Amino acid sequence: MTVTTGDREVLTARSLVKSYGNSPALRGVSLSAGRGDVLAITGPSGSGKSTLLLCLAGILRPDAGEIRFAGRRIDTESESVRSALRRREFGVLFQFGQLVPEMTAAENVALPLLLSGVRRREAATAARVWLDRFGVADLADQRPPQMSGGQAQRVAVARALVTEPEVLFADEPTGALDTLAGEQVLGQLTRVARESGTTVLLVTHDAQVAAYADREIVIRDGVVDGVVDSAGTAVGQHRPHS
Amino acid sequence: MSVGHALLGLLADGQRHGYDLKQQYELRFPAAKPLAAAQIYATLERLLRDGLVVAGVTERVGGPDRTLFAVTDFGRAELDRWLAEVELPSEYVANLLAMKVTLALLVADQDVAADFLRRQRVAHLARMREYTGVKTDPSTDVLRVVAADYAINHIDADVRWIETTLQRISRLTKEIHP
Ligand SMILES: Nc1ncnc2c1ncn2[C@@H]1O[C@H](COP(=O)(O)OP(=O)(O)OP(=O)(O)O)[C@@H](O)[C@H]1O
Ligand SMILES: [Mg+2]
């Protein structure tokens, strides 16, 4: 992977603030992710991880602060621009429930391509390739209710990556899986992402999952409590404990 | 006497000499600290004395003389007994990390204790990342994956404890400094 310094930063957030009603979930979060980075966002339950991810993915609009994707400010864009961005440049993956139960695995994976205007035959071919990449090609004609959690999640990963997004947002993607199934999903996901230069933001409260990332951002009470790089060096601020 | 039992186990499929045992030990237990030759010979002496192994012929293949050892029926029975025996879970009462947190609260304050816990978590996570790298490398054999799993899960237990303790730190501080 060759990257020039200028476009290494894919996603940056500055001083994000987000409240639900009167209760603040994010109280000034800044971070940046480079092309091909696998970044873990960890922290205790209720610390604001999911809220942060939803803001970064353009699903929630922050109350204050700014978000830039490839240098361009996106948090102030119109809803239609943001949804186009989500379709073309972003992939999202949640703990479960993202597959359309009435569609086969192959149809589920092809769907994001069809929505962005790719021809049916091409989309079907790509879907098979991505199912194969995650070791679930033999499930192509099955529907989600007939799959195990681990199988369905691998189909969901294939679906999240089929458009070859710049950034993959994953919120506890292996939260419902046992250790071995989770390991397969994470191992394949991070390998494929690193090969294709996809940036991955991986929200988890599980250190074993965070250990797949190159870098970790710890959120506590809606603020960044620390940033740890791959060498295990704390590179970020530690706010004084109150 | 787990080294003794390990050697009995490695002899179970046929006789070996001391140096061969040392290599087998490193091959089969990649995560264990390698044994010094002296330790292997001292252990073999003890196994001999207790009738768990017998010394057979002495080979010479180019290098020095090497005595072959074989496990006796008595040794095999002892090995089987030991393998079937459930190990007592460690008591973990003398946890060094917990002790440091308490002492930090006694001699300093909550910030010092919390800062220690955060830095300890960073160090633990860095080690976990290393093992995860080993585990996800397609060229790693299953024996090493299994050893990495063991390490990762034990480090993870500490990390969970660190996180919980960070969440309890104000209450702990109040208890120590009412
Ligand atoms: N839709 C919502 N409406 C109201 N409050 C919300 C909503 N979503 C989250 N919150 C609140 O915002 C805070 C941050 O929640 P968030 O879901 O981002 O945490 P999290 O770190 O993802 O937690 P978990 O690890 O439990 O998933 C919490 O106090 C939560 O109660
Ligand atoms: Mg969440």
Side-chain angles (χ1 to χ4, degrees), chain A residues 37-47 49 135 174 178-180 182-195 202 204-221 223-242, chain B residues 97 101 104-105 108-140 142 144-174 177:
Chain A
D37 281 356
V38 179
L39 188 68
I41 300 175
T42 64
S45 191
S47 57
K49 305 180 296 293
T174 54
D178 71 16
T179 309
L180 266 188
E183 177 178 306
Q184 282 168 348
V185 169
L186 288 169
Q188 282 162 330
L189 182 136
T190 49
R191 184 176 41 77
V192 170
R194 285 187 176 109
E195 281 166 12
L202 183 60
T204 181
H205 64 271
D206 183 344
Q208 294 204 29
V209 174
Y212 282 83
D214 315 307
R215 204 150 60 90
E216 181 194 22
I217 292 186
V218 185
I219 309 283
R220 238 174 257 281
D221 299 331
V223 296
V224 175
D225 191 48
V227 182
V228 183
D229 70 13
S230 55
T233 318
V235 292
Q237 69 277 35
H238 275 177
R239 101 199 127 106
H241 207 274
S242 50
Chain B
L97 304 185
V101 169
L105 290 176
D109 57 22
Q110 179 172 326
D111 289 349
V112 172
D115 184 56
F116 160 72
L117 283 171
R118 285 201 190 86
R119 286 185 296 113
Q120 188 64 55
R121 186 183 173 286
V122 168
H124 270 55
L125 214 93
R127 183 53 66 81
M128 236 160 118
R129 210 175 276 125
E130 258 172 50
Y131 281 115
T132 303
V134 168
K135 203 168 79 161
T136 50
D137 181 341
S139 70
T140 303
V142 183
R144 278 183 178 74
V145 169
V146 168
D149 279 339
Y150 187 83
I152 288 170
N153 280 290
H154 282 74
I155 299 168
D156 191 33
D158 273 359
V159 170
R160 284 166 199 262
W161 174 83
I162 289 171
E163 281 162 1
T164 314
T165 306
L166 272 171
Q167 292 178 302
R168 288 197 217 276
I169 196 92
S170 336
R171 281 174 57 206
L172 183 61
T173 307
K174 286 198 188 86
H177 297 289

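Below, chain A is the first sequence line, B the second, and so on; all start at residue 1. From a predicted model like this one, the values you see are computed outputs, not experimental measurements. Values below: all heavy atoms of this structure, side chains included; hydrogens, waters and symmetry mates excluded.
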query: Quick one: salt bridge (Lys or Arg N to Asp or Glu O under 4.0 Å) partners of B:Arg168, sequence neighbours excluded?
result: none

task: First locate atom CG of B:Leu166, then atom CG of A:Asp225, and finally report the distance between them rounded to the nearest 0.5 Å.
output: 8.0 Å

message: Restricting to non-hydrogen atoms, name the atom on A:Glu216 and the atom on B:Arg129 that form the minimum distance, rounded to 0.1 Å.
response: CB-NH2, 4.1 Å

- prompt: When rounded to the nearest 0.5 angstrom, what is the spacing between OG1 in A:Thr42 and CD in B:Glu163?
  reply: 7.0 Å

field: Spatial distance of atom CG (B:Asp149) from atom CD (A:Glu183) [nearest 0.5 Å]
entry: 5.5 Å

query: By a 4.5 Å heavy-atom criterion (distance strictly below it), what part of B:Asn153 contacts chain A: side chain, backbone, both, or neither?
result: both

- request: With sequence neighbours left out, write down each residue that passes salt bridge (Lys or Arg N to Asp or Glu O under 4.0 Å) with B:Asp156, or none if nothing qualifies.
  value: B:Arg160

- request: Check whether any side-chain heavy atom of B:Arg121 lies under 4.5 Å from a side-chain heavy atom of A:Val218, and answer yes or no.
  value: yes

field: chain B contact via A:Ser47 - which portion, at a heavy-atom distance below 4.5 Å
entry: neither

- request: Could you tell me the separation between the CG atom of B:Leu125 and the CD atom of A:Gln208, rounded to the nearest 0.5 Å?
  value: 10.0 Å

message: Under 4.5 Å from any heavy atom of chain A, what part of B:Glu130 do you find: side chain, backbone, both or neither?
response: neither

A:Ala207 versus B:Val159, closest heavy-atom pair with distance: CB-CG1, 3.6 Å

